[in-house]
Amino acid sequence: MTIDWNHFTPWTSLAGGMLLGLAASALVLLRGRILGISTILGGMLRATTGERGWRIAFLAGLLAAPVLYGLAGGPVTMRIDATASSIAAAGLLVGLGSRFGGGCTSGHGVCGLARLSPRSLVATLSFMVAGFATVFLTHHVLR
């Protein structure tokens, strides 16, 4: 295994992880809610007035963060080696998996594991195994 040192970003990755941890902690401490992106987004469809405001603010922050990072001079060049149809199919599968798994990687992997939830441990292990298998198949078997 080799590391692509040109694209190795430990400091920005650390900062992103710390911000995610801070956001998860603030949401649970201030609102009593678990930071799960799929649940926050899905809850917009049936949110009451008191619930809608923080959900909109959270989702707006998710969309604004990379824009602000780019304006601050951070590297925002992206390369996606996939077709639009494969990206749409992947998004659909992730959405279905989040629904069947009772949450997404942020809800289970970040918050659930921090709360020592056995259900989140199983879900996170399932996400990881499926991801490893997908990468192995697409990079070593199907090429």
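In this structure, Ile56 and Arg52 have side chains that are in contact, with non-hydrogen atoms separated by less than 4.5 Å. Between Val122 and Pro118 the shortest side-chain heavy-atom distance does not fall below 4.5 Å. When side chains are defined from C-beta on, Thr124 counts as touching Leu113, because their heavy atoms get closer than 4.5 Å.
A continuous path of ILVMFWY side-chain contacts below 4.5 Å connects Ile34 to Leu29, so both sit in one hydrophobic cluster. Leu62 and Tyr69 sit in two unconnected hydrophobic clusters of ILVMFWY residues. Membership requires side-chain heavy atoms under 4.5 Å apart, directly or through other members. Both Ile37 and Met44 are part of a single hydrophobic cluster, where members link through side-chain heavy atoms under 4.5 Å apart. Hydrophobic clustering, with ILVMFWY side chains joined whenever heavy atoms are under 4.5 angstrom apart, groups Val110 together with Trp54. In the hydrophobic clustering of this structure, Leu20 does not group with Val94; members are Ile, Leu, Val, Met, Phe, Trp, Tyr whose side-chain heavy atoms approach within less than 4.5 Å, directly or through other members.
Within the structure, side-chain hydrogen bond (donor to acceptor under 3.5 Å, both in side chains) pairs that include any residue of residues 82-107 comprise Thr83-Ser85, Thr83-Ser86 (at least two apart or interchain). The side-chain hydrogen bond (donor to acceptor under 3.5 Å, both in side chains) pairs that include a residue from residues 14-43 are Arg33-Glu51, where partners are two or more places apart or lie in different chains. Pairs passing the ring pair (Phe, Tyr, Trp, His ring centres under 6.0 Å) check and including a residue from residues 77-131, sequence neighbours excluded, do not occur.
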With side chain to side chain contact (heavy atoms under 4.5 Å, CB included) as the test, would you mind laying out the steps for Met18 and Leu22 before giving the verdict? CA-CA 6 Å; Met18 291 172 65; Leu22 181 65; over 6 Å; no
Dump the intermediate steps for side-chain hydrogen bond (donor to acceptor under 3.5 Å, both in side chains) on Ser13 and Thr9, then the final yes or no. CA-CA 6 Å; Ser13 300; Thr9 58; 3.3 Å; yes
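Annotation for Met128: atom CE does not count as buried by contact number, only 12 or fewer foreign heavy atoms lying within 6.0 Å.
The distance from the OG1 atom of Thr12 to the CG atom of Leu19 is 11.0 Å, given to the nearest 0.5 Å. Atom CG of residue Asp81 and atom OG1 of residue Thr138 lie 11.5 Å apart, to the nearest 0.5 angstrom. In this structure, the separation between CG on Leu63 and CG on Leu59 is 7.0 Å, given to the nearest 0.5 Å.
Nearest heavy atoms, Ile40 versus Arg55: O-NH1, 3.1 Å.
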